[in-house]
Every structure is written in C-alpha cells, then in structure tokens.
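Side chains included, hydrogens not; waters and symmetry mates left out as well; all remaining heavy atoms used.
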Amino acid sequence: MRRMQYLMREVVANAADNATLEADRVDIMSALAVARERCQGSDLEQCWLYIRAVGALARFLGFRNALNERVAWGKSALEVAELIEDDSAIAELCASVIAWPLLQLGDYPEAERYCLEGLKAAQRCGDSRVAARWAGNASRSLSGIARDADDGPKAQHWAEQAAIYGRRCEDESLIRGAKLDFGYAALLLGNFEEAECLFAALLEEEERGGDEERIGNRSGDAALAIMNRALRSDVTAERTRLCDLASANVERSLQLGEKIKHAVLVGECEIALATLARIRGDEDEYRRLMVNGRRRFEELGIRRKGRAEQFVTFPSG
C-alpha cells in the first residue's frame, strides 16, 4: 500500500520528467492497476491520488506515442472522477487526457463527444479559473477536429474560444496553444504568410524553453507554410530558396524526432519530405517517402493524414 502510494506521488512530482517516468514505467503501471482496484467512493484521498497520477502520466504516454493506452487510463480515471462527482477532474480527463489522443488517432466522433462532455463539466466547476482552463483545452481539441475536417472558419472559431479561455485563466500554455491553432486555421484559409509568422514566433518561444519535441513540431509547422508559399511562387529562384528553407526546417524536425525516438514526428517528417520532393518534381522520391510515412502512421494506429498531406495544397491547373 505504501509503495503504491509512493509511486503515485512520484508520478505527480515527476510529470514533466520523461526519462524518470520511463525508468520506472513498469512499476508505475503496476501501481496504477493496484490503485484503481482500491478506489472506493468512501476513500476520497485514494481516488484523488489515482486521478492526479493518471493526469500527470498523460503527457508521458503521449510522448511515448502510447495514445490508446492514454485513452484507456483516462477512461479508467474518469470512472473514478464520476464516482466521487469531481467536476474539475471530469473536465480535465474528458477535455485533455482523453480527447487529445483520440484526436491524434483520428477518432473524431469520440474526440468530439469527450470535448463536449468536458465543456459541460467545466461549466459545473465552482472554480472559474479551473473551468476556463479545461474549457480552453476542449476548445483546442474542437479546433483540431475542425482543422482535420478542412473547416478553416470553424477551426478559427474554436481557436478564438481557446484564446479567450486562456486569457481568462491566465494560462500561458493554453494561450500559446491557441496561437498554434490560429496558425493551422490560417493555412486552411490560405493566409500562408500569417501562418508562417505565427509558427516562427511559436518556434522562438519553444527554443527558449528547450523542449525538443515541441521544437521539432514547430519546425515542421513552419515548413508547411513555407511549402505553400513555394508552390505559389512564379520565380524559379524564389521557389528554390523557399523549398530549401522548408527542407532545412523538416530536416531539423526529423533529427530531433529520431533523437527523442518520437515515431509520430518522424512519420510527419517523412510525409513532409515526400511533399517537398513532389514540389521539386521528383515523383519517385515522393512515392518512396510517402509510403514510409503512411506505413509508420498505420503501425501506430493513426488514421488521420500527415500534416503536409493536409495543409500543403497544390494549386489546380
């Protein structure tokens, strides 16, 4: 019992330390299973500890690409949160722990259902800052669902809602995330220079923080905007320059993805490099890299398109 509670508290304390969590992963998962069995409505402390541990573990599971595992643990914790009628925990689990990986997996109906449940739970929260935080996270995922449906106006609407909630609770991470969603919406709306400026600013912020996963993702995002600009350039030298710039961003992202063993990021880069090859007229390289990237996504259980497939649009004619 003491060992299990110690590990649960260690998970919460080391939520941002992927290396520590990886080293203790087997013990942590065993402790989580024991903790779940002992969650009874009468033992509020045990229930809260379990819910907090699952919430803290969520980002680590996302980092490991264990998206289905994150959903499963999130749903398990949600049962406990509903048992003790903790609306703030229900809002967090629905809007963030569960909805986000469902979005990444491409399970849009389920992702939307949990987002809406998270919004409802947030509205019931007594703490307005907590309510705004999880409503903002739900709004971000709803923006992502609209984004993946190629609905630029709806994606922008939910990004605006996320930004409003972020300012309301003064959550810099949420505000930064809403900027990212504005960037994706700008791509869908054809505002490529605006998107590039947003992604470049976010990349600078992430470089100051030193998070290699986020740096890799933002480098790839900036490349999406640059590739779209290259496709619309009538000047050969400028088109080549933009392709080289996009390639440098993707190569940096790929190196980071391989370094931190982030399979999703590597797959995104393969698809982005395939798209660049197609822009340059190398159809053989395009097909080779696209097959690799799509196969990697299939192995991970990801049903959505790669970002470059979705956001880099080739002009008709």
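- Here D148 does not pair with R304 in a salt bridge; the nearest charged N to carboxylate O distance is not below 4.0 Å.
- Considering CD of E160 and OH of Y165, their distance stands at 13.0 Å, rounded to 0.5 Å.
- Follow the hydrophobic side-chain contacts under 4.5 Å out from L198 and you never reach W158; the two are in separate clusters.
- Contact check on R241 versus D244 returns no salt bridge, with no Lys/Arg side-chain nitrogen under 4.0 Å from an Asp/Glu carboxylate oxygen.
- Atom CD1 in I51 sits 11.0 Å away from atom CD in E79 (nearest 0.5 Å).
- Ion pairing between E110 and R303 fails under the 4.0 Å rule for side-chain N and carboxylate O.
- For the pair S88 and D127, the minimum side-chain heavy-atom distance is 4.5 Å or more.
- Annotation: the span from H262 atom NE2 to L254 atom CG amounts to 13.0 Å, rounded to 0.5 Å.
- Minimum interatomic distance between C169 and R129 (heavy atoms only, all atoms of both residues): O-NH2, 3.1 Å.
- Electrostatic pairing of E92 and R133 does not count as a salt bridge here, judged by no charged N lying under 4.0 Å from a carboxylate O.
- For R147 (side chain) and Y184 (main-chain N/O), no donor-acceptor pair under 3.5 Å exists by modelled atom type.
- Geometrically, R278 engages Y286 in a cation-pi contact, judged by NZ or CZ lying under 6.0 Å from the ring centre and within 45° of the ring axis.
- Of the N and O atoms on the side chains of S76 and Y50, at least one donor lies less than 3.5 Å from an acceptor on the other residue.
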Should E238 and L242 be marked as a side chain to side chain contact (heavy atoms under 4.5 Å, CB included) after you check the CA-CA gap, both sets of side-chain angles, and the distance that decides it? CA-CA 6 Å; E238 177 64 3; L242 289 169; 3.7 Å; yes
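- Note: the hydrophobic cluster containing W134 does not contain V54 (ILVMFWY, side chain heavy atoms under 4.5 Å, direct or indirect links).
- Looking only at side-chain heavy atoms (C-beta outward), I215 and R252 come within less than 4.5 Å of each other.
- Taking 4.5 Å as the limit, every side-chain heavy atom of N217 sits out of range of all side-chain heavy atoms of L180.
- L224 and F182 fall into different hydrophobic clusters, where Ile, Leu, Val, Met, Phe, Trp and Tyr are joined by side-chain heavy atoms under 4.5 Å apart, directly or via other members.
- Here the shortest heavy-atom pairing between I226 and E196 reads CG1-OE2, 3.6 Å.
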Residues E270, L273; criterion side chain to side chain contact (heavy atoms under 4.5 Å, CB included); working and verdict: CA-CA 5 Å; E270 288 172 332; L273 289 172; 5.9 Å; no
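- Using a 4.5 Å heavy-atom threshold, the side chains of S219 and Q255 count as separate.
- Of the possible polar contacts, one joining the S139 side chain to the A135 backbone as a donor-acceptor pair under 3.5 Å is found.
- The distance from the CD atom of E258 to the CD1 atom of I260 is 11.0 Å, given to the nearest 0.5 Å.
- Minimum interatomic distance between E212 and L256 (heavy atoms only, all atoms of both residues): O-CD1, 3.8 Å.
- Looking at R176 and E206, a side-chain N of the basic residue comes within less than 4.0 Å of a carboxylate O on the acidic one, giving a salt bridge.
- The number of heavy atoms from other shown groups lying within 6.0 Å of CD (E283) is above 12.
- T275 places a side-chain N or O within donor-acceptor distance of the main-chain N or O of I271, the cut-off being under 3.5 Å.
- Heavy atoms only, all atoms of each residue included: S96 and R70 are closest at O-NH2, 3.0 Å.
- Here the straight-line distance linking atom CG of L105 with atom CG of L67 works out to 4.5 Å at 0.5 Å rounding.
- Using a 4.5 Å heavy-atom threshold, the side chains of Y114 and K75 count as touching.
- Between E285 and R288, at least one side-chain nitrogen of the basic residue sits less than 4.0 Å from a carboxylate oxygen of the acidic one, meeting the salt-bridge criterion.
- The nearest pair of heavy atoms linking A131 to A122 is CB-O, 3.1 Å.
- Side-chain contact, W100 with N137: no donor N or O sits under 3.5 Å from an acceptor N or O.
- F314 and M290 fall into different hydrophobic clusters, defined by Ile, Leu, Val, Met, Phe, Trp and Tyr side-chain heavy atoms under 4.5 Å apart, directly or through other members.
- Between the SG atom in C243 and the CZ atom in R229 there is a gap of 11.5 Å [rounded to 0.5 Å].
- Under the 4.5 Å side-chain criterion, counting only non-hydrogen atoms from C-beta, M227 is not in contact with F311.
- More than 12 heavy atoms of other shown residues, nucleotides or ligands fall within 6.0 angstrom of atom CD in E207.
- Counted by atom type alone, T313 and R232 present one or more donor-acceptor pairs between their side chains at under 3.5 Å.
- Taking 4.5 Å as the limit, some side-chain heavy atom of L119 sits within range of a side-chain heavy atom of L142.
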Steps toward side chain to side chain contact (heavy atoms under 4.5 Å, CB included) verdict (L78, E82): CA-CA 6 Å; L78 180 60; E82 290 173 337; 3.9 Å; yes
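- Between R218 and E204, the closest side-chain pair of non-hydrogen atoms is not below 4.5 Å.
- Minimum interatomic distance between I145 and C115 (heavy atoms only, all atoms of both residues): CD1-SG, 4.5 Å.
- Remark: the backbone N or O of R307 is paired with a side-chain donor or acceptor of E268 at under 3.5 angstrom.
- Using a 4.0 Å cut-off between charged side-chain N and carboxylate O, K120 and E117 make a salt bridge.
- Under a hydrophobic clustering in which Ile, Leu, Val, Met, Phe, Trp and Tyr are joined whenever their side-chain heavy atoms come within less than 4.5 Å, directly or via other members, V250 and F192 fall into the same cluster.
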